[in-house]
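By convention in this document, chain letters (A, B, ...) are assigned in the order of the sequence lines, proteins followed by strands, and residues within each chain are numbered from 1.
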There are 2 protein chains.
Amino acid sequence: MADQRKQRTVTALLDAAEELLRHRPVDDVTVDEIAESAGVAVGSIYNHFGSKAGLHAALVERALQVDRGFMDLAYRSGTTPVEQIRAAAEQYLAFYLTHPDYFRMLAFPAPPGRYAAGQELSERLARAVDEQNQRLVDAIRRGVAAGELRAADPEQVATVLWAAWNGIISLAWRPDPLRHDEARLRALLQTATDVIAHGLLVTGTPDR
Amino acid sequence: MADQRKQRTVTALLDAAEELLRHRPVDDVTVDEIAESAGVAVGSIYNHFGSKAGLHAALVERALQVDRGFMDLAYRSGTTPVEQIRAAAEQYLAFYLTHPDYFRMLAFPAPPGRYAAGQELSERLARAVDEQNQRLVDAIRRGVAAGELRAADPEQVATVLWAAWNGIISLAWRPDPLRHDEARLRALLQTATDVIAHGLLVTGTPDR
DNA sequence: CCTACTTTTGCAACGGTTGCAAGAGCTGGT
DNA sequence: ACCAGCTCTTGCAACCGTTGCAAAAGTAGG
């Protein structure tokens, strides 16, 4: 196998990209620059990462402690499931506000390109996202067991919450008058949290 | 003013694009083809629509009866506000399932390009989206007035619902194992509707 | 050393987009 | 009718990300 050569190429590209992106926005750095800086051919980017975005995503994977660090704050022990769910929403927004590029890659990933390596990377990132979502599932499960939360499918509810947060936060980069700034995002998330906690229906209102 | 010439160019491009996209997916049609078919220069696409995507979006605007038609079904008279909100979620999904391109353009619009025309188009589409959202606001408002829904800011709640639906439906085009097919989308939307109706907290559970 | 296999290369080509000077069309004023 | 000023359009080189592919290079086992 040519694993060593392959690994050398991957590492060179990651190191080069990391160094270049440390000082300039990803849109200002060309694939030619990265390849040249890494001392490899441009085609290798696509071979191993699927696209420029895939290479950027691989840097995210390297730095996935970021997501974990934020979510660790949400799930610290000593807090109730309800508190954890509430904190998860807040920390998810904080993650977006400090790392918008990373956030968007995880919440709304680009296609992985046509080579196996890009697809594997895409799947690894999805698994990392799912890990975080499982923590939300666990919190919901504990809440139900503790009698604090209504009996519900924790997996489904967690996915709904996560997808809803994604949708709300996506208003932050709309390029039109429907765009929301940070303050409005916070207010929206607060409203969402309230609705999700207490529901919309007045007790006794028929469901249909 | 050269409004007539401008209008001729815009109309030629829209007609050409509409005809070409009737038979082939947008990804299979090049900007060169559209411009040639319209008898204009490629640069005019960017002048008037900002991008290829903007031209496609302008076709959406032409066909915005689509969104309206779906949402009309949700808001038909004779149904309660609660029923209308429930139906809006279902019709929003139906809109995505039958017109995925249009849906994505409205829910997650691309940047409008650097010319005024593209930006104006972007704003017109945002206004059209907001019109539909206002119908949701009205339904919530009527629900609150009828004592069926808890007192809440109808604008905020409507935005939360809409953004949440966007986030949930966006799982449909994820290019990774977290992607959801139609059946799972329906189940998710059902769960979301339940959570939004009744909330997650058991009555009496402290909020924090 | 040779063979087979994998990875890398270099680069033309593709498609979307940009910038811009020159050309063309249009309108109002004289 | 002619002219000046203005707006829109043109054509195309250049840019960027991406693709396809034959040839080259690297690696490992026999």
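Per the geometry, CG belonging to B:Leu13 stands 13 Å off C1' belonging to D:dC8, to the nearest Å. In this structure, B:Ile45 places its CD1 atom 13 Å from P of D:dG11, rounding to the nearest Å. In this entry the distance linking NZ of A:Lys52 with C1' of D:dG17 reads 8 Å, nearest Å. Rounded to whole Å, atom C1' of D:dC15 lies 13 Å from atom CD of A:Glu33. Across the protein-nucleic acid pair, A:Gln4 atom CD and D:dG29 atom P stand 11 Å apart, rounded to whole Å. Atom CD1 in A:Ile34 sits roughly 12 Å away from atom P in D:dC16 (whole-Å rounding). What separates CD of A:Gln7 from C1' of C:dT8 is a distance of 15 Å, to the nearest Å. Note: CG (B:Asp27) to P (D:dT18) measures 14 Å, nearest angstrom.
The backbone N or O of B:Asn47 sits nowhere less than 3.5 Å from a side-chain atom of B:Ser44 that would complete a donor-acceptor pair.
A:Gly54 comes within 4.0 angstrom of no nucleic acid atom, judged by non-hydrogen atoms across all strands. Residue B:Val29 is in sugar-phosphate contact alone, with no base atom involved, counting any heavy-atom pair closer than 4.0 Å across all strands shown. Across all strands, B:Asp32 comes closer than 4.0 Å to no nucleic acid atom at all (heavy-atom distances).
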Next on the checklist: Could you walk me through whether A:Phe108 and A:Trp173 satisfy the ring pair (Phe, Tyr, Trp, His ring centres under 6.0 Å) test, starting with their C-alpha distance in whole Å, then the side-chain angles of each, then the deciding distance to 0.1 Å, before giving a yes or no?
Outcome noted: CA-CA 12 Å; A:Phe108 302 98; A:Trp173 62 78; 5.7 Å; yes
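Between B:Arg135 and B:Glu131 there is no salt bridge, since no side-chain nitrogen of the basic residue lies less than 4.0 Å from a carboxylate oxygen of the acidic one. Taking a cutoff of 4.0 Å between a charged side-chain nitrogen and a carboxylate oxygen, A:Glu19 and A:Arg22 qualify as a salt bridge.
Both A:Val10 and B:Gly50 lie near DNA chain C, and the one whose nearest nucleotide falls closer to the 5' end is A:Val10.
Considering only side-chain N and O atoms, A:Arg8 lies under 4.0 angstrom from the phosphate OP1 or OP2 of D:dT27. Between D:dT9 and B:Asn47, a contact under 4.0 Å exists linking OP1 or OP2 to a side-chain N or O. Dashed line: the shortest gap from a side-chain N or O of A:Tyr46 to OP1 or OP2 of D:dT18 is under 4.0 Å. At C:dT7, none of the side-chain N or O atoms of A:His48 fall inside 4.0 Å of OP1 or OP2 (strictly under the cut-off). Of the side-chain N and O atoms in A:Ser44, one or more sit less than 4.0 angstrom from OP1 or OP2 of C:dT9. For B:Thr9, a side-chain nitrogen or oxygen approaches OP1 or OP2 of D:dT9 to under 4.0 Å.
With distances taken from any side-chain atom of A:Lys6 to the nucleotides D:dT10, C:dT9, C:dT7, the minimum falls on C:dT7. With D:dG17, C:dT9, C:dG16 as the candidates, the nucleotide lying closest to the side chain of A:Val40 is C:dT9. Among the nucleotides D:dT18, D:dG17, C:dT9, the one closest to the side chain of A:Thr30 is D:dG17.
Between A:Phe95 and A:Tyr92, the ring planes are tilted. Angles from 30° to 60° get that label.
For A:Arg5 and D:dT27, a side-chain-to-base donor-acceptor distance below 3.5 Å is absent, hydrogens and geometry of angles not being considered.
The neighbour count for B:Arg24 CZ, taken as heavy atoms of other residues, nucleotides or ligands under 6.0 Å away, is above 12.
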